[in-house]
Amino acid sequence: MTQEPTTLARSTVVRVSTDERPASGDRTLAAARAAADSVPVVRTGPTGITAATPLVMVTRNGQTAFYGDPSPATVRDLVDELEAGTVPTADADAVVEHDPETASLPVPERGPLSVGRRSVLGPCGWVAPLDPADWSFVSTDRTADIAAGGGLLGRGRGDAATNEPVSNVWETASETDGDPVVVCNANDASALPTGDETLLSGAPMAVLDGIAAVAEYVDAGDAVIYVNESRSDLQANLREAIDAAADTLPVVPQLVAGPDEFRAGEPTAALEALEGADRVEPRLQPPAPAKRGLYGRPTVIHTPRTFAHVQRAVAEPDSVDADAADPGTRIVTVTGDVADRATVELGSSANLAAVREAVEMDGSFKMACVGGVLGGVTRSLDMAPTAQSLRAAGLGTNGVVELFDSDRCTVETVGKRARFASMENSGRCVPGREGTKQLAELLRDIYDGSFESDKIRELGRVMRQSSNCQVGAHAPRPVTTAIDEFEPEFRAHTDGHCPSGTCTEKL
Amino acid sequence: MSTDKSIPRVPDLHDPQPETPVTKEFETGTANDPDVGTDTDDPTTLTVDGEPVTVAPGSTIIDALQDLDDDIVSVDPGAEGVEDDADVPALCYYDRDGDCSDEIGPRSECRTCMVETEEHGLVPSCSFPAEDGLTVSTDTPDAEEARSVNLDLVLSNHNLRCTTCNGNGRCELQDAAISEGVDHPRYGVFDERDQYEPIDDTSSFIQIDRNKCILCNRCVDACNDVQVEGVLRIEGHGEDTRIGFQSDAETMHDSECVSCGHCATVCPTGSLTEKGIDGAATLPLPGFTQRNSIGKVIEHEDVETIDDTTAPNRGFEPGDPRAAKGKTGLARFASQAKRRAGDIAKDYGKKAFLAGEHTAESIAANTMPEGRLFDIASAVSDYRLSKIDKQETTCGFCAVGCRFEMWGKDGDSLGVVPVDDPDDAPANNFSTCVKGKFGHEFANSEQRVTEPLIRNDDGDLEPTSWEEALDYVAERFTEIQDDHGIDSLGCLASSKGSNEEAYLVQKFARQVLGTKNIDNCARLCHSSTVAALQQTLGYGAMTNRINEDIGEADAYLISGSNTTESHPVLATRIKQNVRDGADLVVFDPRKVGIAEHADQYTRTNPGYDVAWLNGLIRYIIEHDLHDEDFIERNTKNFEEVREKVQAFTPEKVEELAGVSPEELASAAETLADADSVVFGWAMGMTQQSHGTENLIAMADLALVLGQVGKPGAGLSPFRGQNNVQGGGGDMGTLPGSLPGYQNPADDEVGEKFADAWGERPPEEPGLKVPEMLAEAHAGNLRGMYVVGENPALSEPDIQHAAEALEDMEFLVVQDIFMTETADYADVVLPAATSPEKHGTFTNTERRIQRVRPTSEPPGEARQDWEITQALARRLGYDWDYDHPREVMDEINSLAPIYGGVTYDRLESGEEHGLQWPCWDEDHEGTPYLYDYDEGNFNFEDGKARFVPADGGHPGEIPDEEYPLTLTSGRVLYHWHTGQITRRVEGLMSHVGESFVEVHPETAEKLGIADGEYVRVESRRGDIVVKAQVTERVGPGTLFIPMHFAAGAVNKLTGETFDPTAGIPEYKVSSVRVEVLGPETDETVLRTPDAGGKQVRKRGAGDD
């Protein structure tokens, strides 16, 4: 069964791409709609690039002009001109010639949109996100079978197969007694990685399609999307998308909100929230959720990113190089001391440093924290964005690069993260609960003149290797990687001196 | 709680995990962890430190470590368990073997059990599966570093005040720290005094000091998974993680805690401790206590007991306008003051002590490495614990037969802890209930009878010597028999004493006195059960075992048993099994605790159980659900029952019993579908005018379904008193039944006893308990020897019973307290209680177990067997027993079912607790009676007998004058006539006075408000009790507990008896209720309905 694309099939159309909060582009959209007579005005989702949003794209016969955050008056002019039969290109940020029926946003030659390659992100900002007719579903006649052989790794800290082949989990869930369930864990509850949100807002059908394809593959009749309770806009959006696609999808997921807590994003903690636990903590493993997950049933848990990649692999098997160590692309959010954050997509052979081109930094680059709030600190981004090379560098893989400028104090930055871990851990295991507390204490001691780097490293090693979940295991990572790179700065603090001049008060 | 409760669970997803309706509501705060261990059906082989080890399916690495070498890992709970040189501390792990500890963890919280694997790196050995082919090393640098750092992390949040800690000497953290050679923990210890949480001392029994808590979660599992009670939980996150309550309660006292004590039993540190044995191993300096060490305490408030006043806790709250000025307050004050008197000096100097102690602590903390503090604390505890007498013994409360180690010191009972080897506690593992764990303080009561008493010429009881008392009893018994004949005397044996003591009482009756009149209080509880099961199956006893059968059944029919309150430890097995998927069907007029867990609860009309039981049988036969092969092979007279039940159509059942056809059908289908069914009951079935018929019908139902004689199935009467099976039946303390249920009319039996005793026991059956009182009233029974019984409160219509006791010419009461019955005695002989004696008890599963003393009878009080022996000798019989073991030797030679029971066997580990029949010394005992295939019912042809059962109406039916139906029963915290439990402050703090349960509809109709006093009146008398408006009872039905003398329910019950068993119909009486409201007279409240009055009888010289 194939759908007749609607927006995509229109040769003349005005697209208004908003950011992850749909209401953000209302004024621009209203202006366009008010001006439009015959030309269709379509609201699309985010592109991932927050600079110059809302983004107005004016298209006619395979030519699109891009206008970042235009004034309502400009919007009226743009619409009028298109109504008159021409694509207004005069003040455009970019003009791109493309296949008139492309399902992927035509990428300008310059600017943040040009960074990396837009494969999984392709539909984001281009298709009407809530319109199933704008989407070619694969799950209607194929399972994720093809992707199973593609060697695709799970993506994100909320994935039960993080950096592991997703097919392993699928096989286990299929082979285990009981009715399998598929869970899409979209509750990272950390503002840093926004790739999942970009996909859920910009191309929810891709995620739904991926979920259904996996569910079909493992023979699961039940699927669940787990979202953050505080994101009612995202929930409403997804609700609408699910309802719209319900008649098409072979497996229709239920939407369930979970607590707005960092720890609730851990995959087994997500299961706890889904089972209605009033206090969320991660479970013991093994056995993994694929054997005993939601209500004890075999459960596949992936992030929206993983599902979108799976969908992509099924739709276009050739787009994934099964022989690569980390097949497919990586979606990375670039944030930190930047003017506007950006979510971009990099091929596995790309250089992670390319992400800097997607954003503007005010100051000079000092360091980056890679992999989220509990990621690793580095001076250099000169490496492939793959799981393997990031891990080899001691960094995290949760699809975030925070760029920090020279005003940032390393000790303060990592100290806050240790404190965050000591506040936000579930309290379940000793290394996670007491370890994070002592880690924060050891960093406080630096301000009292005592820097015991061996003791910190010893604690870090033990936490990494013996914590029950990733919160405890990753908590020491910002600290230990920062010591690796900036030990003199730590020592300076024991003498009451902060080289970046920002530590005005103790932790 | 940090998260919003409104977060929904997945709305439309099927949860295949079984739960009970109650456990569904539990909020433990902990994750729904998967089962750990290997998931293969085959054993796995792994390598540990180079050695191959093969472990059973379901094992984790720690199992392999244990199998390889006990010295590698410390997993045994309790101080003794931690090996001095163990490599892997495994601090939070709990493994005591057996079902109970299987319910606990692994939480895998402390991570002090990390080991290194080639395949997965460092893993926690307690929860990581022992995968086939795994290569494990315990001694790699990384593994050792992880264990050491994590142990120090545990210590960093632990208040290290060992010498004042209640857990000293049995603290697993202390032992782990010592065994790991911790000298100075890397991260220090928790000693910021301003951050201490106050000690929660509000419970009478359990103290909480969260400053000592290591968050191992064992207590939460013990509460939710072992006791299935759902009181404790983990709350908060990160640094704020703590053990709290599932309700809104802030303190233990305000929580729903039932004080089973499991949390304290499993706590590895001094965080949850038993108040009875607190400080048992601390530095013995005044003021150096855990309370003072922490300094902040939420205090406990004492309530009254019958040691303080005769009608404790009755009256209005201070401030209530109805409270008589001064009176209540004064009484309370007096009791508090008395209790606190010893503490005044301590209070006075408390501030000085606190200052001194805190200074000492801080000097120690600042000058000594923690390792040195451990050594000091450990030396103190070794010394102090060596001064405590510890004995494994059997609980003296209900007949579940829990075993534990009792601690005693200086003649007093302190408390109980689990036995070392769970094999020594086959019925309970480490499980206890509130009475077994904490209810032994009565033994230390100042109100114990400590000297023999004789009624003087003024009619008052006065102390005398043993010589005089015993001579006097012998003289008077002889006189009465000379004047009025042999059978003018009767004896009541005790179901609370030991088998040996009960045996001697019946021997005293039959041999020494030569009378046939011997009975015991089992008459009042399960005599109808015995009668019914003897007729149908052969033996009048439970057919199966507690753990292996009742704990493993696929389905239950429970009726007339308030299991969670009357047999709490047994109930936990049922609750656990139902939580794990077994089906529970409860038929009962009252929605008791166990019914809350049921898949099907059906409220029945009191007194019509034969109707629904026969209705079930009819449905089962009609729908072809009966076990035809079993019936054909192993039974007789099935047709008679088939015919009989035809009349019990669903319509008839509904009309009589109030059970709808749908409920009847659903219960029948559930029971017929199950592979194994246990039929459980207690007084709700037996104490009726048709009690025997009820249980015949129950036995018929089990036979129809073929649910006897196989594992997980059977008929399970839950016996009441600790030794009612042995002392109340097996020992022949019954009219017409010799030890081992032998018929005295049988010549062969008679001759055997004649050979042993020199006299043949009387052949005729004697008087039953209620008949004795009736005959006393009539002047035919002139004297009685009552051992450990309290008929003045336990008989129906106690005013009538009191008259009989008053009429009695010569009453000898042998007991530990001045019971309501002792008030009428002519001679009171002070006896011993279970923590003070050697002997055996036989539990409800026919298991004979040893009882051992840890304290001494007070004053002149003596062992019961010594008293009976002394009386026998004075009456010319040369009894010469030196120890109860010699009595057992006589029992096993005379009672074939005890043929192989000897103290030697009972004391050897593997054969601990023999279950009768045990025919000879080579016989291993009988775990469950009968055989599904072979029959082997206790009749000559080996076949069970179907007996048609018929009901009828209860003795009293509600009418215009007395429109309500009254039932009676027990509460968890009290015991029979309450003579021992009403003396335990903590038990009284849970339930301090009598009450009446009233359904809200009835309450509204009668204008009764919750918590106000009402007068309940029957044709026999009236009492005043506090109303509890609750849906536990049905409309028109009331419930009053049986344990209280003030608000004594047996003032209302009537003398209707089951014609076969002679059991009184306690469960059905007609009553009316009068609201007293503001008119309640506090003097009435403060006057007990039985006892507590100075009874003046004719003086000794008046007869």
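In the text below, chain A, chain B and the rest are named by the order of the sequence lines, each starting its count at 1. Source: prediction; values computed, not measured.
- A salt bridge is defined here as a Lys NZ or Arg NE, NH1 or NH2 lying under 4.0 Å from an Asp or Glu carboxylate O, and A:Arg433 with B:Asp240 fails to meet this definition.
- Screening B:Asp33, B:Asn32, B:Asp39 for a side-chain contact (heavy atoms from CB on, under 4.5 Å) involving A:Arg292 leaves a single residue, B:Asn32.
- For the atom pair A:Ser467 OG and B:Leu122 CG, the distance stands at 11.0 Å (nearest 0.5 Å).
- Between the side chains of B:Ser108 and A:Asn468, no donor-acceptor pair is found at a separation under 3.5 Å.
- The closest side-chain heavy-atom distance from A:Arg297 to B:Leu13 is below 4.5 Å.
- Side-chain contact between A:Arg428 and B:Arg107 is present, with at least one heavy-atom pair separated by less than 4.5 Å.
- Between A:Ser466 and B:Asn150, the shortest heavy-atom contact is OG-ND2, 3.2 Å.
- Contact record, B:Gly236 with A:Arg279: O-NE, 2.6 Å, taken as the closest heavy-atom pair.
- Contacts between residues 175-188 of chain A and chain B, counted as heavy-atom pairs separated by less than 4.5 Å, involve A:Val181.
- Listed here is the closest heavy atom pair of A:Pro286 and B:Pro129: CG-CD, 3.4 Å.
- With sequence neighbours excluded, the residues satisfying side-chain contact (heavy atoms from CB on, under 4.5 Å) with B:Asp152 are B:Leu155, B:Val182, B:Pro185, B:Arg186, B:Tyr187.
- What you find for A:Glu434 and B:Ser156 is that their closest heavy atoms are OE1-OG, 4.1 Å.
- Remark: B:Glu145 CD to A:Gln465 CD distance equals 7.5 Å, nearest 0.5 Å.
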